[in-house]
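To start, the structure under review is shown below, and the notes come after it.
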Protein chains: 2
Amino acid sequence: MVTIYDVADRAGVSAATVSRVFNGIKVTPERAAAVHRAAAELGFVPNRNARRLRTSSSEIIAMLIPDIENPFFTAMARGVEDVARSAGYSVMLGNTDEEAEREQDYLRVAVSDPVAGIILVPASPQSQLDLAVERGVPLVCVDRRAPGRAADSVVADNVSGGALATRLLVEQGHRRIACISGPVGVDTADERVDGWAKEYLTRNGEPPAAELLVRSSFTVSGGASAARQLMSLPHPPEAILAASNKLATGVIRELSEAGLLPPQIGVASLGGLPLVLLPPEVIQVHLPARELGTTATEMLLERIRGLATPPRETVVPIDSATQQPSDLERV
Amino acid sequence: MVTIYDVADRAGVSAATVSRVFNGIKVTPERAAAVHRAAAELGFVPNRNARRLRTSSSEIIAMLIPDIENPFFTAMARGVEDVARSAGYSVMLGNTDEEAEREQDYLRVAVSDPVAGIILVPASPQSQLDLAVERGVPLVCVDRRAPGRAADSVVADNVSGGALATRLLVEQGHRRIACISGPVGVDTADERVDGWAKEYLTRNGEPPAAELLVRSSFTVSGGASAARQLMSLPHPPEAILAASNKLATGVIRELSEAGLLPPQIGVASLGGLPLVLLPPEVIQVHLPARELGTTATEMLLERIRGLATPPRETVVPIDSATQQPSDLERV
DNA sequence: CTGTTAGCGCGTTCAA
DNA sequence: TTGAACGCGCTAACAG
């Protein structure tokens, strides 16, 4: 391995000078030129491990997401990567599979690396962040609020999202609108339900019947079975609001198999759908996935640079203005 | 920062003993217990940087893909991560955006890290692997062959894939089958065309007319405009083979807008589609994305462990047997 | 089985 | 401005 000493020898300077050259510290031009030439000839590449050990810093941001095959999270990852990269950081991506244990494993690795900072979509409301918090590794939670409010959070305005989707269904002429959401206790799931219930009340003058709300897991099959349950009610809904892209996919699959699709029934999805063909009447409320990622990264960079205020929370709006389907969500 | 010395003091042993305990090297049980207790009390987390510097090894595999928002590559990433993780490695994921320059930037980072190994989907046939090859960092190319055959490659049997898709279209009763593929010079694009042309010749007794082949970029819009071009031929095709999931998406959108969908016209996609609402006649030839990832990782691990044979090439089959749509491709 | 010692490659004092 | 010397935290060699 070529080290700064090899370069120093060849350039006729000291190792310290080579180090200075590669760190942008003032050196006489001739010496700098000699160092650059020697480095090029030897194919010198600085060893970041040595640098990190010495400076106890790192240029790596760890990002932990529950599902790398979900377009929502990959769009978020894309946002993180863009901002991180332009600030000189690389991104380590880990898949927690929504499992607290895998998440903990990854956190252990990230903390002992140690990385410059962590961006986390918490796998559960009980996620343990102590490892990072105690070691002082900057950490920002995204999409879901930080468990115990122990760290910064960036979340979408899910209440408004739920309300918006509901409103759009109402504007299609539906009144009896059901809602399928994720597990009780999961922020995003709860808040989207709140938005739906609030808007339902406003529009219908009465709160939704309990039978119109089905809580499930955020999965395709969960969406399908919830839809089945709703459609077999004595008095089935006129429309269904699915609180995530996966749930919506399941709903649409189920309805399609039953020969029942928009505009015969109203369907709204919170989150863009990756489906190739979609009846134009299906409502998609696009979530600001990439923006969640960029915002979280910007907050993380502030922390990395030393910001020491108490945990903050940023809410990214979901409004009609942001409802441009990105080309990427339409893959 | 808590170091092994702090732990050693508290446990009444030497630093070397602490190191041994954390590396699974035999130590008397009492001492081991003391070390564990001291470590827990102090909240000790080993510093991997120091370890890496000392051992000049790393537990990180860098993976560079052209598009983190394409399900094909995320499925591949999933395969890589699963194998890597179970072997004790973490994965750093980088997005090259199909740009050789971004790729080179990432390679520079990976090499100077230095990571244990690199898994790369080459952004271009001219990709420069010298950085890694010269520094001896193990590298495996996947999906696309290693430029200059300078490293191991894992590719899908794209010729067979193209032929299989064509055959399935023939079995649907189509004869005049067009093909839309990616850029000339890109392995995967060229090979899929070869498979199509070969099968076309076998089935029709003559090679396809030149007008039946359209080369485009591997994008949704590329697929759409190619489909438009084909359908406006004086003698339009009876069926279209789209050589990637993105191309197929564009093709189907375009045809649908023209009110023309299977079974009126044949459509086959090389690569799974989120098919919830697709006519069942659309043919999907599933590409072994995850398997490409796992295979590449296994080959990389062999290299990391010291295997020093000349560059190898593994071809992952695409056959009728592998045509089970994964749940994930149907999100 | 254990402790002592040395050094991985680099950045940063301190004198010069 | 430059070079010599030190040490970041850890593991591998050696002697005990």
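Per chain, numbering begins at 1; letters A, B, ... match sequence-line order. Note that these values count all heavy atoms, side chains included, but never hydrogens, waters or copies made by symmetry. Here the structure is a predicted model, which is why all the values come from computation and not from measurement.
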May I ask you to say whether A/D82 pairs ionically with A/R78, meaning some side-chain N is under 4.0 Å from a carboxylate O?
-> yes
Salt bridge flag under 4.0 Å for residues B/E69 and A/R290 | yes
Do you see a donor-acceptor pair shorter than 3.5 Å between the side chains of A/R51 and A/N23?
-> yes
Select base, sugar-phosphate, or nothing to describe what A/T3 touches, counting heavy atoms under 4.0 Å on all strands.
-> sugar-phosphate
Side-chain ion pair, A/D113 and B/R48, N-O less than 4.0 Å | no
By nearest-heavy-atom nucleotide on DNA chain D, the more 5' of A/V13 and A/Y5 is A/V13
Ignoring hydrogens and angles, state whether a donor on the side chain of A/E103 or A/S127 is under 3.5 Å from an acceptor on the partner side chain.
-> yes
B/R48 atom CZ is separated from C/dC8 atom C1', nearest whole Å, by 18 Å
Can a salt bridge be assigned to the pair A/D105 and A/R108 using a cut-off of 4.0 Å between side-chain N and carboxylate O?
-> yes
Separation of atom CG in A/D6 from atom C1' in C/dG9, rounded to whole Å | 11 Å
Close side-chain approach of A/T3 and A/N47, heavy atoms under 4.5 Å = no
5′-ward residue of the pair B/A16/B/A50 relative to DNA chain C | B/A16
Contact class for B/T17 (heavy atom, under 4.0 Å): base, sugar-phosphate, or nothing?
-> sugar-phosphate
Calculate the interatomic distance between A/R54 atom CZ and C/dG7 atom P; express it in whole Å.
-> 18 Å
Between C1' of C/dC8 and CG of A/N49, the distance in whole Å = 10 Å
Quick one: does NZ or CZ of B/R85 land under 6.0 Å from the six-membered ring centre of A/Y106, within 45 degrees of the ring axis?
-> yes
Contact interval (first through last nucleotide) of DNA chain D with protein chain B, 4.0 Å heavy-atom | D/dG9 to D/dA13
May I ask you to decide whether B/R144 forms a salt bridge with B/D187, counting only side-chain N to carboxylate O separations under 4.0 Å?
-> no
Per the under-4.0 Å heavy-atom filter, residues of residues 20-36 of chain B near DNA chain D come out as B/R20, B/N23
